[in-house]
Amino acid sequence: MARQAKARRKAEPAGDAKGRLAKLQALFAERHFDAAATAAKTLLVREPTNGEAKRLLVLALLAQGLFDQAATAHAGWRGARPGSGPAVVDWVRRAMAEGHRDRAADCLRQFAGADEALLGNLCDLAAECCRQSRFADAAMVARTVTASPKATSEGFNILGAALRALGQLDEAVAVYQRALQIDPDNSQILYNLGNLFREAEKTDLAVTQYCRAINANAQFASSYLNLGNVLIQQAKLVEACDVFQLGLQADPAHAVMADNLLGTLNYRDDVDPETVYDLHRYWAQRQADQVPRTFSHANAPVADRTIRIGILSADLREHSITYFLEPLLEHCDRSRLEFIGYHTGTVEDATSARLRALATDWRRVSHQSDAALADIIRTDAIDILIELSGHTRGNRLPVCARKPAPVVMTWLGYPNTTGLADVDYRLTDAIVDPPGTDRLYTEALVRLPDPFLCYRPPDSAPPVTPPPCLEKGFITFGSFNNPMKITPTTCALWARILMSVPNSRLWLKGRYFSCDTTRAKYIKYFVGAGVEESRLVIEKRIDATTDHLKRYSEIDIALDTYPYNGTTTTCEALWMGVPVISRRGATHASRVGATLLAGVGLDDCVAGTDFQYLTTAIALAGSRDRLAEFRAGMRDRLRTSRLCDGPRFAQAMGSALTEAWRRWCATQPRFRIAGTTGGEGPAALFEKR
């Protein structure tokens, strides 16, 4: 038979063979799929190895929904080049794109036992669907791949990723474990499984997988990063810093790893501030070294014109920093200042809408590279750029390193230096950064006359209730701070307070307390210090602002953390009528409580020593009449305080910004100003370094 077909091919003119193929292609292009299939079969009788005819036959059968016949045709010619595997994938891709997922599924079922070449094609298609966030499609295709006896770990890995994105976490875990049976030392799969356990708050299991991933591939930086993050979740800060440092040895250019290391150091009291400063300078300089040093600005050096201020942050949404940013935008002098928001985050909400309405202009720039964003800021002719993130998540410090504006400042979002020489100023005050601390910053400190921030209470806050001790008969201390801030030093102070105030309770609520390991760690500590477990209430974070604030009705006295004080939590406690006792230390992070409480006239709630912290808490716990007075009058006290005086704060900030701009203008060849500043005016805020 084969000899007869070969003889027919020899006898047939070449033009006729090309004509038949052209006719077949025309029939398919005109969507005459039945005729095209017939033509393809006829042509293949004459030319059994014609790859294009095989491809079009499979496609024509698929187009008619004849999936079993298409599978048979594909199986019969799967060794051909070019084969029909890509044709099957193209058809499935098109069917899904047109919304015919059922037809695509039927087709995939017929090809469940496909050859390795087609499995590879389908793996690529599933990965493509994942990249396009079409996770249901990705899972459907990947299931076909993993149903084959010839399935590789790659197919299981892709299926696990799709299931994770779909929220089917238990099944995703099982899929990743199946992949590890095939390839037990695959670092990517081990890392992905660790991420799943972390999301499920099974932190011990997550740690195991990340360690296995690192053992399999010591250069896999992401495993170090997430291992460090999950150790933070377990409140193991020293171990987390050690892991981040190992990760930076594996990948010295990993900016997020460096940021996490620097950020975590702020929570520790066993590392001296000078060492922390040196590390900030070192890692910031490594980032800056990657930036081209070609800065120029075309801004007109006219000091008495309206100044264009850029606000750079990933958190221009419902976030703690916006409680302190909004008063500035709301009360600023718009004849002197224009504010342009550069939102580098991916989420916008009602808070974003409020901020956008208060700003002169607004840019959503999360998709922009650092270089492109710097060019946008430069093109917008921003005079002063204020970044609000420091080394926290989502920061764009590499943009600041490009000096996109004549003056660059940092404010509000981070309790330490950026370490960047190209950030000119840090906005602060004389309580959090008293004279003599300038050596710990690469930026020049601009000390505002009042607290360096202004609090805008939430509109959704519930009414203040009487102290719960009046009804319950015992004192409840509380802290709703991030557990990262609850260090051994803090725990020791709180345990002493509980042991000194009979029958008192401690109510903790915060991020990471949903983790069993973290919760058990704190219970073990307090029990070891002599505090019965029954005196502890440990609760996970509550996201809804109103429900979160309602919890303050259960608290008589709020205890601030040390050495990293609370900020928003302190303001919220005060707004809900709960007095806060804060421990002042030697760093900015440990002096925020002092400036907040000074701003509302509660300096007597600030302790300079552990003993003073202890005695202040005991004394306040013993005066229930004073607690009731606090509760009844605290909200009015805040309303009339410097901490909540938006117009006063905006004026002080405006003066500082104007003076910073005047100083830059004075360094330029063409400089014009209507008046001068001197004496105790804005210029006094800028001390010589």
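Predicted model only: the values in this text are computed from it and were never measured.
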> When you measure from the side chain of T344 to the backbone N and O of A314, does any donor-acceptor pair fall under 3.5 Å?
Replying inline: yes
> Is R584 paired with D560 through a side-chain N to carboxylate O contact shorter than 4.0 Å?
Replying inline: no
> Does some side-chain heavy atom of Y342 sit less than 4.5 Å from a side-chain heavy atom of L312?
Replying inline: yes
> Where do C571 and Y323 land on the side-chain contact (heavy atoms from CB on, under 4.5 Å) test, with the steps shown first?
Replying inline: CA-CA 10 Å; C571 293; Y323 290 122; over 6 Å; no
> When rounded to the nearest 0.5 angstrom, what is the spacing between CZ in R308 and CD1 in I382?
Replying inline: 5.0 Å
>> Strictly distance-based, threshold 3.5 Å: is any side-chain N or O of E387 a donor or acceptor partner for the main-chain N or O of S389?
In response: yes
>> So, using ring pair (Phe, Tyr, Trp, His ring centres under 6.0 Å) as the criterion, who are the partners of Y425 when residues are at least two apart?
In response: F686
> Are the side chains of Q651 and H331 in touch, meaning some heavy atoms are under 4.5 Å apart?
Replying inline: no
> Ignoring hydrogens and geometry, is there a side-chain-to-backbone donor-acceptor pair from T546 to S460 under 3.5 Å?
Replying inline: yes
>> Given 3.5 Å as the limit, does a donor-acceptor pair link the side chain of D424 with the main chain of V408, or not?
In response: yes
> Is there a side-chain contact between D137 and Q132 (heavy atoms, below 4.5 Å)?
Replying inline: no
>> Is there a side-chain contact between I232 and Y267 in this structure, where contact means two heavy atoms from C-beta onward sitting under 4.5 Å apart?
In response: no
>> The criterion is side chain to side chain donor-acceptor pair (under 3.5 Å); which residues satisfy it with R334, sequence neighbours excluded?
In response: none
>> Would you say that R642 contacts R648 through its side chain, given a criterion of any heavy-atom pair below 4.5 Å between the two side chains?
In response: yes
> Is the backbone N or O of H343 less than 3.5 Å from a side-chain atom of W362, with the two atoms forming a donor-acceptor pair by type?
Replying inline: no
> Which residues pass the side chain to side chain donor-acceptor pair (under 3.5 Å) test with R363, sequence neighbours left out?
Replying inline: D361, D380
> Taking the side chain as C-beta and beyond, is there a heavy-atom pair between P458 and L549 under 4.5 Å?
Replying inline: yes
> Hey, are E326 and Y455 close enough side-chain-wise for a donor-acceptor pair under 3.5 Å?
Replying inline: no
>> For a side-chain contact (heavy atoms from CB on, under 4.5 Å) check, start with the C-alpha distance between Y564 and M484, then their side-chain angles and the critical distance, and finish with the verdict.
In response: CA-CA 9 Å; Y564 198 128; M484 280 184 73; over 6 Å; no
>> side-chain hydrogen bond (donor to acceptor under 3.5 Å, both in side chains), that's the test. Do D278 and T275 meet it? Break it down for me.
In response: CA-CA 5 Å; D278 289 340; T275 299; 5.5 Å; no
> Testing R354, R356, R317 for salt bridge (charged side-chain N to carboxylate O under 4.0 Å, His left out) with E348, which one passes?
Replying inline: R356
>> side-chain contact (heavy atoms from CB on, under 4.5 Å), that's the test. Do F244 and N229 meet it? Break it down for me.
In response: CA-CA 9 Å; F244 290 142; N229 288 338; 3.5 Å; yes
> To the nearest 0.5 Å, what is the distance between NE2 (H254) and OG (S222)?
Replying inline: 5.0 Å
> Would you call the rings of Y210 and Y191 parallel, tilted or perpendicular if under 30° counts as parallel and over 60° as perpendicular?
Replying inline: tilted
> Hey, is the main chain of D259 close enough, under 3.5 Å, to the side chain of R393 for a donor-acceptor pair?
Replying inline: no
> With a 4.5 Å heavy-atom cut-off, do L279 and L262 have their side chains touching?
Replying inline: yes
> Is D429 salt-bridged to R591, going by a charged N under 4.0 Å from an acidic O?
Replying inline: no
> Side chain of T437, backbone of P434: donor and acceptor closer than 3.5 Å?
Replying inline: yes
> Just by distance, with hydrogens left out, do Y441 and D433 show a side-chain donor and acceptor under 3.5 Å apart?
Replying inline: yes
>> Looking only at side-chain N and O atoms, does N395 offer a donor or acceptor that is under 3.5 Å from a partner on T392?
In response: no
> Does a side-chain heavy-atom distance below 4.5 Å link L596 with L453?
Replying inline: yes
> Nearest 0.5 Å, what's the CG-CG distance between L325 and L316?
Replying inline: 6.5 Å
>> Would you compute the distance between atom OG1 of T428 and atom CG of D438 and round it to the nearest 0.5 angstrom?
In response: 9.5 Å
> CD/Q287 to CG/L397 distance, rounded to the nearest 0.5 angstrom?
Replying inline: 6.5 Å
> Using a distance-only test with no angle check, is there a side-chain donor-acceptor pair under 3.5 angstrom linking Q285 and D289?
Replying inline: yes
>> Determine whether a donor-acceptor pair (N or O, by modelled atom type, separation under 3.5 Å) exists between the side chain of T306 and the backbone of R336.
In response: no
> Given the rule in the side-chain contact (heavy atoms from CB on, under 4.5 Å) test, do I321 and S313 qualify, once you have shown the distances and angles that lead to the verdict?
Replying inline: CA-CA 10 Å; I321 70 161; S313 176; 3.5 Å; yes
> Between E128 and R131, does at least one N-O distance fall below 4.0 Å, as a salt bridge requires?
Replying inline: no
> If you look at every heavy atom in Y224 and A250, which pair is closest and at what distance?
Replying inline: CE1-CB, 3.9 Å
> So, for L337 and G654, which heavy atoms are closest and what is the spacing to 0.1 Å?
Replying inline: CD1-CA, 3.9 Å
> If you take all heavy atoms of C332 and A650, which pair is closest and at what distance?
Replying inline: N-CB, 3.9 Å
> Measuring from R639:CZ to W575:CH2, what's the distance to the nearest 0.5 Å?
Replying inline: 4.0 Å
> Any donor-acceptor pair under 3.5 Å linking the side chain of T417 with the backbone of T442?
Replying inline: yes
> Residues in ring pair (Phe, Tyr, Trp, His ring centres under 6.0 Å) with Y414, at least two apart?
Replying inline: H280, H391
> Is R286 reaching over with its side chain to a backbone N or O of Y282, donor-acceptor style, under 3.5 angstrom?
Replying inline: no
> Do you know the tightest heavy-atom contact between N565 and V592?
Replying inline: OD1-N, 3.4 Å
> Can you pull the salt bridge (Lys or Arg N to Asp or Glu O under 4.0 Å) pairs that have at least one residue in residues 240-249, sequence neighbours excluded?
Replying inline: none
> Which heavy atom of A206 sits nearest a heavy atom of V230, and at what distance?
Replying inline: CB-CG2, 4.2 Å
>> The criterion is ring pair (Phe, Tyr, Trp, His ring centres under 6.0 Å); which residues satisfy it with Y512, sequence neighbours excluded?
In response: none
> Going by distance alone, is a donor N or O of one side chain under 3.5 Å from an acceptor N or O of the other, for E199 and N195?
Replying inline: no
> What closest approach, in Å, do T569 and F480 show between heavy atoms, and which atom pair accounts for it?
Replying inline: CG2-O, 3.5 Å
